[in-house]
Number of protein chains: 2
Amino acid sequence: MTTCLRSVIVAGMDTNNAASKLEALGNPTRLSLYRLLVKAGHAGLSVGACQQRLEIAQSTLSFHLKALTQSGLVTQERQSRTLICRANFDLMNALVGFLVDECCADERCQAQTPDAA
Amino acid sequence: MTTCLRSVIVAGMDTNNAASKLEALGNPTRLSLYRLLVKAGHAGLSVGACQQRLEIAQSTLSFHLKALTQSGLVTQERQSRTLICRANFDLMNALVGFLVDECCADERCQAQTPDAA
DNA sequence: GCCACATATCCAGTTTTATAGAATTAATTG
DNA sequence: CAATTAATTCTATAAAACTGGATATGTGGC
């Protein structure tokens, strides 16, 4: 149905912005962590729960988690002693949108943007 | 309409695979290059044309282009003396699909996968 | 075969990541 | 305030990425 899939909105995203987010996801440990949170959905997971599942050193997890939260792809909410982590789905959608933005702008393409130059 | 957008197929993608592709896109220079090719669509662009637009050293472009082609995100076709580069849209779709795969598997979600565990 | 063109590889140097043990901060409970 | 739990920061080290100048390779024309 969609060749260039363009069904999401690109909101306030530029190249450097998007690159830093993709870089955050471009590490096996961080991607595993992110996907763990994607699966967990709105409920999220505590840092400790993530550590148990990923089986990596605490400091290593903290290092990668920091990268994901700083990029905005993961949000955190304190619940007394534990920190709940959640995937930021809106940002993911914006990122995906950016990747396919202006897809085939110089060509005919089934899924052209209405506002493409 | 879709909260977790899941309209593409995840084909032969695993975490390490996806991470290496995301890493390839997670650099401003490479992301600019990739988006240049996305805009160019099926017609693609020669390496020289990319260099003119990006204004970086030849060796630097070659370095980044190699990363993109090795990851499979960009394909190349020789036309006599020039190399035409094209974005691999199918792989991009697979990558996006992987990112949102099993989205909210542990939660109710509008766009659940039919085969999710 | 030689020359011009298009692109890749080699080779530094510099900067950035990734890892994890040890120490530290922060929040809760008694 | 001492003890406990949860998570981060400090520190060091090894590995990898990024850059661009110089050089090499492949391609086509004369």
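Sequence lines set the chain letters: A, B, ... in the order given, protein chains first and strands last, and positions in each chain run from 1. Quick caveat, the model's predicted, so the values are computed rather than measured.
- One atom, CZ of Arg78(B), and another, P of dA6(C), lie 11 Å apart when rounded to the nearest Å.
- At least one donor-acceptor pair closer than 3.5 Å links the side chain of Thr69(B) to the backbone N or O of Leu65(B).
- If Ser46(A) and Glu23(A) are placed on DNA chain D by their nearest nucleotide, the residue sitting closer to the 5' end is Ser46(A).
- Contacts between residues 51-65 of chain A and DNA chain D, defined by a heavy-atom separation under 4.0 Å, are made by Gln58(A), Ser59(A), Ser62(A).
- Listed for the Gln51(B) side chain is a donor-acceptor partner under 3.5 Å among the backbone atoms of Ile56(B).
- What separates CD of Gln79(B) from P of dA6(C) is a distance of 14 Å, to the nearest Å.
- Proximity of a side-chain donor or acceptor of Ser62(A) to a complementary backbone N or O of Gln58(A) within less than 3.5 Å is not detected.
- Non-hydrogen atoms lying under 4.0 Å from DNA chain D are contributed by nothing in residues 68-76 of chain B.
- Rounded to whole angstrom, the span from the CG atom of Asn27(B) across to the C1' atom of dT17(C) amounts to 14 Å.
- Following rounding to the nearest Å, Glu77(A) (CD) and dA7(D) (P) show an atom-to-atom distance of 13 Å.
- The shortest distance between the side-chain N/O atoms of Arg81(A) and the OP1/OP2 oxygens of dT29(C) is not below 4.0 Å.
- How far CZ of Arg30(B) is from CD of Glu23(B): 7.0 Å, rounded to the nearest 0.5 Å.
- Looking only at distances, a side-chain donor or acceptor of Arg86(B) sits under 3.5 Å from a matching main-chain atom of His42(B).
- The backbone N or O of Phe98(B) sits less than 3.5 Å from a side-chain atom of Arg35(A), completing a donor-acceptor pair.
- Per the geometry, NZ belonging to Lys66(A) stands 13 Å off P belonging to dA18(C), to the nearest Å.
- The CG atom of Leu95(B) lies 5.5 Å from the CG atom of Leu99(B); values are rounded to the nearest 0.5 Å.
- We find that CD1 of Ile84(B) is positioned 15 Å from P of dT27(D), with the value rounded to whole Å.
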